[in-house]
Amino acid sequence: MLRTSPNIIITGTPGVGKTTHCEELASKTGLHHLSINDVVKKHNIGESSNDPEDPNTKIVDEDRLLDCIENDLEEGGQIIDWHACDLFPPSLIDLVCVVRCDNKVLYDRLKARGYGEKKLQENMDCEIMEVLVQEARDAYDEEMIVELRSEEVEDVEKNVERIEKWIGEWKKEHGKGEGGDVEAKGAGEKKDEDDPMFLHG
Ligand code: DAT
């Protein structure tokens, strides 16, 4: 089935601003915020970890997770909110946004969430070592990946605007632009400067 709207992953270290971006983007575009946390809860597919410091962390059965969301992904128009990205089949993904955040800002956000020292340090290391950027690069084509900074409220507005423009371009290219009969452009015709996601890095 051909998707009429793109599937977009919003990923990154916990606390960087994934949910904030997904909610804003969903409200601006009408695409569906697919919170994997909610899917895991709804279908009860997470096992509690044995870590006493972190009993709320769930180890997710990825095969069952994919079964639960496969139809949604095939339909398209999903904004996937999750702190991992390499489990989603590349053929069903159109854009991967890795949200990034300054260490000091992230530390304060995670502290405010009440994270213990160990969990806080693990997540800080994850951001410093660029774990999610690397995971995205290992799983998807470089051209599909974009890093977005999220330190201030204005960053969210700017990022969401960029993604909105990108969605418009995607729909035009796939013949789903406003007006209906826009012809799909061949991939070879596309110039980087036409692309709102990659224009400014
Ligand atoms: P995540 O879903 O990645 O765990 P979140 O969206 O829940 O992160 O955001 C964590 C906290 O940080 C939350 O209180 C909102 C705030 N926040 C996120 N991005 C922000 C930004 N760009 N400017 C100001 N606050 C932000």
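Counting starts at 1 for both ligands and their atoms, following the listed order. Computation of the quantities below employed the complete heavy-atom set of this structure, encompassing side-chain atoms and omitting hydrogens, waters and symmetry-equivalent molecules.
- Salt-bridge annotation for K28 and E161: absent, with no side-chain N of the basic residue lying under 4.0 Å from a carboxylate O of the acidic one.
- In this structure, the side chain of D94 does not engage the main chain of I8 through any donor-acceptor pair within 3.5 Å.
- Put simply, the side chain of I9 does not reach to within 4.5 Å of the side chain of W82, judged on heavy atoms.
- Not one N or O of D81 is nearer than 3.5 Å to an N or O of ligand 1, by distance alone.
- At least one side-chain heavy atom of C126 sits under 4.5 Å from a side-chain heavy atom of L132.
- For atom 7 (O) of ligand 1, the nearest non-hydrogen atom of the protein is R113 NH2, 3.0 Å.
- Protein heavy atom closest to atom 19 (N) of ligand 1, with residue, atom name and distance, is S150 OG, 3.1 Å.
- Residues S150 and V16 form no side-chain contact, since every pair of their non-hydrogen atoms from C-beta on lies 4.5 Å or further apart.
- Across all non-hydrogen atoms, the minimal contact from S5 to L31 is OG-CD1, 4.2 Å.
- Among the atoms of D155, none of the N or O lies under 3.5 angstrom from an N or O of ligand 1.
- Counting protein heavy atoms only, atom 6 (O) of ligand 1 is closest to T20 OG1, 2.5 Å.
- For the ligand labelled ligand 1, residue G12 lies outside the 4.0 Å heavy-atom shell.
- Heavy-atom contacts of E151 reach the following atoms of ligand 1: 21 (C), 22 (N), 23 (N), 24 (C) (cutoff under 4.0 Å).
- Of all protein heavy atoms, the one closest to atom 11 (C) of ligand 1 is R109 CD, 3.8 Å.
- Backbone and side-chain nitrogen or oxygen atoms of V156 are examined, and none is located within less than 3.5 angstrom of a nitrogen or oxygen of ligand 1.
- Between E169 and K172, at least one side-chain N (NZ, or NE/NH1/NH2) sits under 4.0 Å from a carboxylate O, which counts as a salt bridge.
- Nearest to atom 8 (O) of ligand 1 among the protein's heavy atoms is G17 N, 3.1 Å.
- For atom 23 (N) of ligand 1, the closest heavy atom belonging to the protein is E152 C, 3.1 Å.
- The closest side-chain donor-acceptor pair between N159 and H21 falls under 3.5 angstrom.
- Contacts of K18 with ligand 1, taken as heavy-atom pairs under 4.0 Å, involve both backbone and side chain.
- Contacts of H83 with ligand 1, taken as heavy-atom pairs under 4.0 Å, are absent altogether.
- The residues K158 and E154 are annotated as not salt-bridged, no charged nitrogen and carboxylate oxygen being separated by less than 4.0 angstrom.
- Shown here, atom 14 (O) of ligand 1 is out of close reach of the protein: none of its heavy atoms lies under 4.0 Å off.
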